[in-house]
Q: 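Right, I'll just put the structure down here and ask away after.
Predicted model only: the values in this text are computed from it and were never measured. Each chain gets a letter, A, B and so on, in the order the sequences are listed, and its residues count up from 1.
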Amino acid sequence: MNETKPIRVRFAPSPTGHLHIGGARTALFNWLFARKYGGSFILRIEDTDTSRSTDEYIEAIIDGMKWLKLDWDDGPYRQTARFDIYRDYVQKLLNEGKAYYCCCTHEELEQRRQEAVAAGRPQKYDGRCRGVEGEKPDRPAAIRFKMLQEGYTVVKDLIKGHVEFENSQLEDLIILRSDGAPTYNFVVVVDDIDMKISHIIRGDDHLNNTPKQIQIYKAFGWEPPAFAHLPMILGSDKARLSKRHGATSVMAYKEMGYLPDALVNYLVRLGWSYGDQEVFTREDLIKYFSLENVGKSAAVFNPEKLLWLNSQYIISSEPSALAEAVMPFLLKDGVVSESAAVDMQWLSKAVRSLQERARTLIELASSLKYYISEQVEIDKKAAEKFLKQENIGLLSELRDMLLPLEAFFASDIEKAFMAVVEKHGLKMGNLAQPVRVVLTGSTASPGIFEVMEILGKEKVLKRLSRVIEGE
RNA sequence: GGUCCCAUCGUCUAGAGGCCUAGGACGUAGCCCUCUCAAGGCUAAAACACGGGUUCGAAUCCCGUUGGGACUACCA
């Protein structure tokens, strides 16, 4: 890449909302790039729009980054803390005649835009204040950057390739608002130079901003960083992903019981691939990641595939780690009152039996209920189908066989169970299903002997008796 | 409207001119396994947007058309 400059990349969200799917993917690619090449990953909060930015959203974004385990080496910087720096640079442009005061009001600007639309002309600032350069006017004035109008600007993008823009299409953009706050296209340039960013990896919604920014770099005599514009993430209707497509906040996925590694794995495959491989550890990703394998076209976010990946991560998790991860969900549901009250070794065993049956931690917690709770609520339809009178007798016989058991392992239980089955010339399922309904409340569960072992003799007998006695 | 980007199964993608009878994954359907449900295994249906070139040969290169998206703020 660049032989001389050290690799430094940044994620620069504006705190006007939670960390969303698109932002997280941008952060992830930057993070991977930094980790891959031993560079630095910088977090910079772009809060120059003070009317829309909040401290709560800064916290929310940081929470999201932490949950995804995207650690940064430098920052978070806040642009509102750097306004003096930006103003100095604005002044410099002013002094050099590369920027000018503009007294056009919002209303005037808006009116001229309307007229341009009506006349079918390009909506571009007409540059009327360009002529009246000089000292600061008495009226409120913004400061515009004098955009070069001749020739064209080339963006050499690591993903999109060679992209040309005609300079005459670029307008004199406002770099300092009349209230003294600098604007995005200006501060982003100053910061990326000041923070010695080597590669700007961001969404391709910024591709059109890039030639404007390149002109600002040039006005200062700065060498721009390398650019890499990532394709967008779309909703199912191919429109830009937004709230109406469902959950877009990263933390919403935490609450829905997704594992951060699963979400990271899903996100990285949106626009990037490594042959036919679908599941990657973090180490894999760092090892294999490359901007060269990033695609150019937008990707539709597919919740089904994310769900599948999550199930894969749940299956391959350590039961003990999963038990820890599911605890907040058990507490939230009131299944357990305090985590200290749970035997984690036992819980891990219960979790292990459910791993390949739960796609999210919520599903896991939900199934765990029938292991943990004292009694179980029996599904009405399941009861109608399997708890008929003739089955109650079988349950009673099974209870009699279980009663004297001293060891209550699956193998012991199976012997008792099979004795009843064989005595009546039944099939396994004839007894397994009624027992399953009694013990778990539903017709679907892990293997019945395993369920019984995990529940333990006491709970098993209690639940059987409750049904046999018809309470 | 203008500027820019993009275009392989429904979706994510492999594919860097002959390895393509277009591969994998999710989802869907069927079968196997089986005490249920999963997981797992096998199988199936499913795509190179269209039209012109270039070439002995094009999913791959070029042009156009169409379609989608982004930007077009004193938002970022």
Q: If you check the A/Met232 side chain, which of B/rG69, B/rG2, B/rU11 turns out closest?
A: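 My answer, after comparing the listed nucleotides, is B/rG69.
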Q: Of the options A/Asp191, A/Asp49, A/Thr50, A/Asp47, which is the one that meets A/Gln79 in a side chain to side chain donor-acceptor pair (under 3.5 Å)?
A: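 Among A/Asp191, A/Asp49, A/Thr50, A/Asp47, the one meeting side chain to side chain donor-acceptor pair (under 3.5 Å) with A/Gln79 is A/Asp191.
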Q: Nearest whole Å is fine: how far is B/rC12 C1' from A/Trp308 CH2?
A: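 Value for this atom pair: 11 Å.
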Q: Would you say the base of B/rA70 and the side-chain of A/Asn208 have a donor-acceptor pair closer than 3.5 Å?
A: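 It does, because a donor-acceptor pair links the side chain of A/Asn208 to the base of B/rA70 below 3.5 Å.
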Q: Could you go step by step and tell me if A/Leu394 and A/Val421 meet the side-chain contact (heavy atoms from CB on, under 4.5 Å) rule?
A: CA-CA 9 Å; A/Leu394 290 173; A/Val421 167; over 6 Å; no
Q: If I pick the C1' atom on B/rC71 and the same atom on B/rA45, what distance separates them, to the nearest angstrom?
A: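 Rounded to whole Å, the distance is 41 Å.
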Q: Pick the C1' atom in B/rG52 and in B/rC42, then give their distance to the nearest Å.
A: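 After rounding to an integer number of Å, I get 44 Å for this pair.
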Q: Quick check for you: among B/rU3, B/rC35, B/rC74, whose closest atom lies nearest to any side-chain atom of A/Phe165?
A: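 For the A/Phe165 side chain, the nearest candidate turns out to be B/rU3.
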Q: Using a heavy-atom cut-off of under 4.0 Å over every strand shown, decide if A/Ser297 touches base, sugar-phosphate, or nothing.
A: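 Touches sugar-phosphate only.
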Q: To the nearest Å, how far apart are A/Lys385 NZ and B/rC37 C1'?
A: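 Rounded to whole Å, this separation is 13 Å.
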Q: If you look at every strand shown and take non-hydrogen atoms under 4.0 Å, does A/Pro211 touch a base, only sugar-phosphate, or nothing?
A: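 No contact at all - A/Pro211 keeps every heavy atom at 4.0 Å or more from the nucleic acid.
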Q: Can you tell me the distance, in whole Å, between the CD atom of A/Gln215 and the P atom of B/rU3?
A: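 Between P of B/rU3 and CD of A/Gln215: 18 Å.
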Q: Students often get this wrong, so: under 4.0 angstrom with heavy atoms, is A/Leu207 touching a base, only sugar-phosphate, or nothing?
A: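 Since only primed, P, OP1 and OP2 atoms lie under 4.0 Å of A/Leu207, the category is sugar-phosphate.
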Q: Using a cut-off of 4.0 Å on non-hydrogen atoms, how would the nucleic acid contact of A/Arg121 be classed: base, sugar-phosphate, or nothing?
A: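 Here A/Arg121 touches no strand at all.
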Q: Does B/rA70 have a Watson-Crick or wobble partner in any strand here, with both distances under 3.5 angstrom, and which is it?
A: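 Because both required distances fall under 3.5 Å, B/rA70 counts as paired with B/rU3.
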Q: Pick base, sugar-phosphate or nothing for A/Gln79, based on heavy-atom distances below 4.0 Å to the nucleic acid.
A: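 Here A/Gln79 touches no strand at all.
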Q: Does B/rG40 have a Watson-Crick or wobble partner in any strand here, with both distances under 3.5 angstrom, and which is it?
A: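 Base-paired to B/rC32.
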Q: Of all the nucleotides listed (B/rC71, B/rA39, B/rU13), which has the minimum atom distance to the side chain of A/Ala299?
A: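 Of all the options, the side chain of A/Ala299 is nearest to B/rU13.
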Q: With C1' as the reference atom in both, quote the distance from B/rA47 to B/rC20 in angstrom, rounded to an integer.
A: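 Going atom to atom, C1' in each nucleotide, I get 13 Å.
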Q: What's A/Gln169 touching, base or sugar-phosphate or nothing? Going by heavy atoms closer than 4.0 Å.
A: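 Sugar-phosphate only.
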Q: Can you name the one residue among A/Arg202, A/Gln215, A/Lys160 that meets side chain to side chain donor-acceptor pair (under 3.5 Å) with A/Thr210?
A: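 One option only clears the test, and that one is A/Arg202.
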Q: The side chain of A/Ile315 lies closest to which of these nucleotides: B/rA39, B/rC74, B/rA76?
A: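 My answer, after comparing the listed nucleotides, is B/rA39.
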Q: Within the 4.0 Å heavy-atom criterion, would you say A/Asn209 contacts the bases, only the backbone, or no part of the nucleic acid?
A: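 Result for A/Asn209 = base.
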Q: With a 4.0 Å cut-off on heavy atoms, is A/Leu270 in touch with a base, just the backbone sugar-phosphate, or nothing at all?
A: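 Since only primed, P, OP1 and OP2 atoms lie under 4.0 Å of A/Leu270, the category is sugar-phosphate.
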Q: What is the distance, rounded to the nearest whole Å, between atom CG of A/Leu170 and atom P of B/rC4?
A: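 Between P of B/rC4 and CG of A/Leu170: 11 Å.
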Q: If I pick the P atom on B/rA29 and the same atom on B/rA39, what distance separates them, to the nearest angstrom?
A: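 It works out to 13 Å between them.
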Q: Is A/Asp84 salt-bridged to A/Arg87, cutoff N-O under 4.0 Å?
A: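 Yes, this pair counts.
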Q: Looking only at the side chain of A/Arg269 (C-beta and beyond, no hydrogens), which of the listed nucleotides B/rC74, B/rC4, B/rC12 gets closest?
A: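 Per side-chain heavy atoms of A/Arg269, the pick is B/rC12.
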Q: Taking the C1' atom in each of B/rC4 and B/rG17, what is the distance between them to the nearest angstrom?
A: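 These two C1' atoms come out 29 Å apart once rounded.
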Q: For the side chain of A/Leu109, counting heavy atoms from C-beta on, which of B/rC35, B/rA76, B/rC74 is nearest?
A: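 Ranking B/rC35, B/rA76, B/rC74 by closest atom to the A/Leu109 side chain puts B/rC74 first.
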Q: Classify the side chain of A/Arg436 versus the base of B/rC35 as yes if they form a donor-acceptor pair under 3.5 Å and no if they do not.
A: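 Answer yes: a donor N or O sits under 3.5 Å from an acceptor.
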Q: Does NZ or CZ of A/Arg130 fall inside the cone over A/Tyr100's six-membered ring, less than 6.0 Å from its centre and within 45° of the axis?
A: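 Verdict for A/Tyr100: no cation-pi partner in A/Arg130.
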Q: Are A/Tyr57 and A/His18 close enough that their ring centers fall under 6.0 Å?
A: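 Here the rings of A/His18 and A/Tyr57 have centres that are less than 6.0 Å from each other.
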Q: I'd like the P distance from B/rU3 over to B/rU8, given in whole Å.
A: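 Between the two P atoms, the distance is 25 Å.
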Q: Rounding to an integer number of angstrom, what distance separates B/rG18 and B/rA76 when you compare their P atoms?
A: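 Per the computed distance, 48 Å lies between those P atoms.
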Q: Taking any heavy-atom pair under 4.0 Å as a contact, classify A/Glu304: base, sugar-phosphate, or nothing.
A: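 Contact class for A/Glu304: sugar-phosphate only.
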Q: Just checking A/Gly271: base, sugar-phosphate only, or nothing, at a heavy-atom cut-off of under 4.0 Å?
A: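 A/Gly271: backbone/sugar contact only, no base atoms under 4.0 Å.
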Q: At 4.0 Å (heavy atoms only), tell me whether A/Glu166 reaches a base, stays on the sugar-phosphate, or touches nothing.
A: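 Nothing, no nucleic acid heavy atom in range.
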Q: Between A/Leu176 and A/Gly295, which has a closest nucleotide on RNA chain B that is more 5'?
A: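 Result: A/Gly295.
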Q: Just how far, in rounded Å, is P of B/rC26 from CG of A/Leu267?
A: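 Rounding to the nearest Å, CG of A/Leu267 and P of B/rC26 are 19 Å apart.
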Q: When the distance from CD of A/Gln355 to C1' of B/rC37 is rounded to whole Å, what number comes out?
A: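 Rounded to the whole Å, the gap is 16 Å.
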Q: Which whole-number value in Å describes the distance from A/Gln111 CD to B/rA73 C1'?
A: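 Roughly 17 Å, once rounded to whole Å.
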Q: Under 4.0 Å, counting only non-hydrogen atoms across every strand here, what does A/His206 touch: a base, just sugar-phosphate, or nothing?
A: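 Since a base atom lies under 4.0 Å of A/His206, the category is base.
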Q: Ignoring hydrogens and angles, answer whether the base of B/rG24 and the side-chain atoms of A/Glu278 contain a donor-acceptor pair closer than 3.5 Å.
A: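 Present.
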Q: For the aromatic rings, using the six-membered ring if either is Trp, is the centroid distance between A/Phe289 and A/Phe29 under 6.0 Å?
A: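 Distance test on ring centres: under 6.0 Å, yes.
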Q: When you match A/Val163 and A/Arg357 each to their closest nucleotide on RNA chain B, which lands nearer the 5' end?
A: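 The answer here is A/Val163.
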Q: Is the shortest side-chain heavy-atom distance between A/Leu93 and A/Phe186 below 4.5 Å?
A: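 They are in side-chain contact.
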Q: Between B/rC12, B/rC74, B/rU13, which nucleotide has the shortest distance from any of its atoms to the side chain of A/Ser273?
A: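 Of the options given, the side chain of A/Ser273 lies nearest B/rU13.
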Q: Answer yes or no: side-chain N or O of A/Thr443 and base N or O of B/rC37 forming a donor-acceptor pair under 3.5 Å.
A: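 Under the 3.5 Å cut-off, the side chain and the base do not form any donor-acceptor pair.
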Q: Hey, what do you get for CZ (A/Arg282) to CG (A/Asp261), rounding to the nearest 0.5 Å?
A: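 Rounded to the nearest 0.5 Å, the CZ-CG separation comes out at 4.5 Å.
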Q: B/rA49 and B/rG40: how far apart are their P atoms, nearest whole angstrom?
A: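 Their P atoms lie roughly 32 Å apart.
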Q: Check this for me: does the side-chain of A/Asp47 come within 3.5 Å of the base of B/rA76 through a donor and an acceptor?
A: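 Flag unset: no donor-acceptor pair detected.
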Q: To the nearest angstrom, how far is A/Lys296 atom NZ from B/rA16 atom P?
A: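 Atom NZ in A/Lys296 sits about 16 Å away from atom P in B/rA16.
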